[in-house]
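Nothing here was measured: the structure is a model prediction, and the numbers come from that model. All residue numbers in this chain count up from 1 along the given sequence. In each ligand, atom 1 is the first atom listed, and ligand 1 is the first ligand listed.
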Amino acid sequence: MKQNPYIAVEGAIGAGKTTLSTMLAQRFDFRLMKEIVEENPFLDKFYQNIEEWAFQLEMFFLCNRYKQLGDILLTPAGSRQPIVSDYHIYKNMIFAERTLSGVQLDKYRQIYHLLTDDLPKPNLIVYIKADLDTLLHRIQKRGRGFEQNFDAGYLSQLVEDYETAISHIRAQEPDTVIITIDGNKLDFVERPEDFEQIVAKIKEHL
Ligand SMILES: Nc1ncnc2c1ncn2[C@@H]1O[C@H](COP(=O)(O)OP(=O)(O)O)[C@@H](O)[C@H]1O
Ligand SMILES: Nc1nc2c(ncn2[C@H]2C[C@H](O)[C@@H](COP(=O)(O)O)O2)c(=O)[nH]1
C-alpha cells in the first residue's frame with residue numbers, strides 16, 4: 001500500500017473499533033473517520049423493537065456512511081489525506097442481512113449498491129475478532145443506555161455474520177490486505193506493547 005493509505009477497522013459491536021482507529025489515527029497522523037452513534041435518532045427505538053425500526057435505522061446508517069465516505073473519498077485521489085475509519089462500508093450489509101427481510105431487504109440491497117459500488121474501498125482492514133463474552137463485557141463497560149440488557153443471541157449471530165463477511169471481502173476484494181487480530185488476547189488499551197504489535201503489522205503494508 002504505497003499510495004492513498006485507507007485503513008478500515010472492523011469487528012462486531014464492542015470489539016474496540018473506535019478505540020483502535022482513534023489510536024491509529026493519532027499514531028500515523030491519519031484523518032479519522034468515526035461513525036455517528038450518539039446522535040442516531042433510531043438506535044434507542046431499534047433496540048426496543050428491532051422488527052419495527054430496522055428499515056429506518058439501516059437507511060439512516062447507510063445514508064450517513066455514504067455521505068461521510070463520499071465527501072472524502074470521491075475527491076481526486078492525489079489530494080486525499082491518508083484515512084483511518086472505524087467501519088467498512090460493507091458493515092451496512094452485515095447488519096441489514098440480519099435485521100431486514102423480504103421486500104425491505106431487496107430494496108435496501110439495491111440502494112446499497114447504487115450508493116456504494118463506486119466508492120473506493122480500503123486498502124487495509126484491521127479485523128478485531130473477539131468472542132461473545134469479551135464483546136458483552138466491553139459493551140457493558142462502554143455503558144451506553146440503549147445497549148444495556150443486550151440480546152446475547154443477536155450479538156452471537158452478528159459474530160458469525162462478521163466471519164462470513166470477512167471471507168466475502170477476502171474473495172471480492174483480493175487486493176485488500178486483511179490483518180486479523182485476536183481481540184480476546186490483545187489488549188491495546190491497557191498494554192502499550194500490544195498496540196505496538198498491531199502498529200508493526202500495519203507498517204509492513206504501508
Ligand atoms: N482491547 C481492549 N481491551 C480492553 N478494553 C477495550 C479494548 N478495546 C476496547 N475496549 C473498551 O471496550 C469498549 C468498547 O470499545 P469501542 O472502541 O467503543 O468498540 P466498537 O467501536 O468496536 O464498538 C470501550 O469501553 C473500550 O474502552
Ligand atoms: N442495526 C444496525 N446497528 C448498527 C449499525 N452500525 C452500528 N450499529 C449499532 C451497534 C451498536 O449498538 C452501535 C454502535 O456500533 P459499533 O459497531 O460502533 O459498536 O450501533 C448498522 O449498520 N445497523
**Q** Verify the distance criterion only: is there a donor paired with an acceptor across the side chains of Tyr87 and Gln68 at less than 3.5 Å?
**A** yes
**Q** For ligand 2, which atoms sit closer than 4.0 Å to a heavy atom of Phe95?
**A**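 So the answer, numbered in order with elements, is 1 (N), 2 (C), 3 (N), 4 (C), 5 (C), 21 (C), 22 (O), 23 (N).
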**Q** Can you tell me the protein heavy atom closest to atom 21 (O) of ligand 1 and the distance?
**A**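 Going by distance alone, atom 21 (O) of ligand 1 is nearest to Thr18 OG1, 2.8 Å.
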**Q** Run the numbers on Glu10 and Lys91 for salt bridge (charged side-chain N to carboxylate O under 4.0 Å, His left out), then give the verdict.
**A** CA-CA 8 Å; Glu10 263 302 356; Lys91 178 175 183 177; 5.1 Å; no
**Q** Identify, for atom 18 (O) of ligand 1, the protein heavy atom at the shortest distance, and state residue, atom and that distance.
**A** Arg142 NH1, 2.9 Å
**Q** Counting only heavy atoms not in His113 (residues, nucleotides, ligands), do more than 12 fall under 6.0 Å from its NE2?
**A**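 Check passes, neighbour count above 12.
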**Q** Does the side chain of Asp175 come within less than 4.5 Å of Glu173's, by heavy atoms?
**A**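 Contact flag for Glu173/Asp175 side chains = no.
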**Q** Kindly indicate whether the side chain of Leu158, heavy atoms from C-beta on, has any atom under 4.5 Å from the side chain of Phe95.
**A**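 With C-beta onward as the side chain, the pair touches.
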**Q** So which heavy atom in the protein is nearest atom 13 (C) of ligand 1, and how far is it from that ligand atom?
**A**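 The protein heavy atom lying closest is Arg138 O, 3.6 Å.
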**Q** Can you figure out which of Thr19, Val9, Val37 has its heavy atom closest to atom 26 (C) of ligand 1?
**A**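 Answer by nearest heavy atom: Thr19.
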**Q** Looking at Glu147, which atoms of ligand 2 are within less than 4.0 Å of one of its heavy atoms?
**A** 11 (C), 12 (O), 13 (C)
**Q** Counting heavy atoms only, which part of Arg65 comes closer than 4.0 Å to ligand 2: side chain, backbone, both or neither?
**A** side chain
**Q** Can you report which non-hydrogen protein atom sits closest to atom 7 (C) of ligand 2, along with the distance?
**A**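 Ranking protein heavy atoms by distance from atom 7 (C) of ligand 2, first comes Phe61 CZ, 3.4 Å.
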**Q** What residue and heavy atom of the protein are closest to atom 18 (O) of ligand 2, and at what distance?
**A** Glu35 OE2, 3.7 Å
**Q** Is Arg142 paired with Glu147 through a side-chain N to carboxylate O contact shorter than 4.0 Å?
**A** yes
**Q** Is a donor from one side chain sitting under 3.5 angstrom from an acceptor on the other, for Thr164 and Asp161?
**A**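 No, because no side-chain N or O of Thr164 sits under 3.5 Å from a partner of the opposite role on Asp161.
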**Q** Hey, is Lys45 close enough to Glu52 for a salt bridge, meaning N to O under 4.0 Å?
**A**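 Answer for the salt bridge query: no.
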**Q** Considering only heavy atoms of Ile13, which atoms of ligand 2 have at least one such atom less than 4.0 Å away?
**A** 10 (C), 11 (C), 19 (O)
**Q** Taking only heavy atoms of Leu43 into account, list the atoms of ligand 2 that are under 4.0 Å away from them.
**A**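 Within the 4.0 Å cut-off of Leu43, ligand 2 contributes 9 (C), 20 (O).
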**Q** Lys91 versus ligand 2: do any nitrogen or oxygen atoms come within less than 3.5 Å of each other?
**A** yes
**Q** Would you say Gly14 and ligand 1 have an N/O pair spaced under 3.5 Å apart?
**A**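 For ligand 1, there is an N or O atom that lies under 3.5 Å from one belonging to Gly14.
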**Q** Show me which atoms of ligand 1 lie under 4.0 Å from any heavy atom of Lys17.
**A**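 Result: 17 (O), 19 (O), 20 (P), 21 (O), 22 (O), 23 (O).
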**Q** Do Tyr127 and Glu163 have side-chain atoms, one donor and one acceptor, less than 3.5 Å apart?
**A**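 Their side chains do contain a donor-acceptor pair, which is all the 3.5 Å distance test asks for.
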**Q** Any idea which protein heavy atom is nearest atom 14 (C) of ligand 2, and the distance to it?
**A** Arg144 NH1, 3.5 Å
**Q** Among all protein heavy atoms, pick the one closest to atom 5 (N) of ligand 1 and tell me residue, atom and distance.
**A**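 Here the nearest protein heavy atom works out to Lys141 NZ, 3.1 Å.
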**Q** Please identify which atoms of ligand 2 are closer than 4.0 Å to at least one heavy atom of Gly14.
**A**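 It comes down to these atoms of ligand 2: 19 (O).
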**Q** For ligand 2, which atoms sit closer than 4.0 Å to a heavy atom of Arg142?
**A**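 Near Arg142, meaning under 4.0 Å from one of its heavy atoms, ligand 2 has 19 (O).
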**Q** Between Arg27 and Glu196, does any side-chain N to carboxylate O distance fall below 4.0 Å?
**A** yes
**Q** Tell me the nearest of Ala12, Gly11, Gly16 to atom 9 (C) of ligand 1, using heavy-atom distances.
**A** Gly16
**Q** Describe, in one word, how the ring planes of Tyr108 and Phe55 are oriented to each other, choosing from parallel (under 30°), tilted (30 to 60°) and perpendicular (over 60°).
**A**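 It falls in the perpendicular class, over 60°.
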**Q** I'd like to check which ligand 2 atoms, numbered from 1 as shown, lie under 4.0 Å from a non-hydrogen atom of Leu57.
**A** 1 (N), 2 (C), 3 (N)
**Q** Looking at Tyr154, does the NZ or CZ of Arg98 lie under 6.0 angstrom from its six-membered ring centre and within 45 degrees of the ring axis?
**A**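 No cation-pi geometry.
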**Q** In the protein, which heavy atom is nearest to atom 1 (N) of ligand 2, and how far is it?
**A** Glu58 OE2, 2.8 Å
**Q** When you look for heavy atoms under 4.0 Å from ligand 1, do you find them on the side chain of Leu20, its backbone, both, or neither?
**A**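 It is neither; nothing of Leu20 touches ligand 1.
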**Q** Please identify which atoms of ligand 2 are closer than 4.0 Å to at least one heavy atom of Tyr154.
**A** 1 (N)
**Q** Say whether Asn92, considering both its backbone and side-chain N or O atoms, lies within less than 3.5 Å of an N or O atom on ligand 2.
**A** no
**Q** Considering heavy atoms of the protein only, find what lies nearest to atom 4 (C) of ligand 1 and give residue, atom and distance to 0.1 Å.
**A** Asp187 OD1, 3.5 Å
**Q** Numbering the atoms of ligand 1 from 1, which are under 4.0 Å from a heavy atom of Leu186?
**A**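 By the 4.0 Å cutoff, the relevant atoms are 1 (N).
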**Q** Determine whether the side chain, the backbone, both or neither of Phe46 has a heavy atom under 4.0 Å from any heavy atom of ligand 2.
**A** side chain
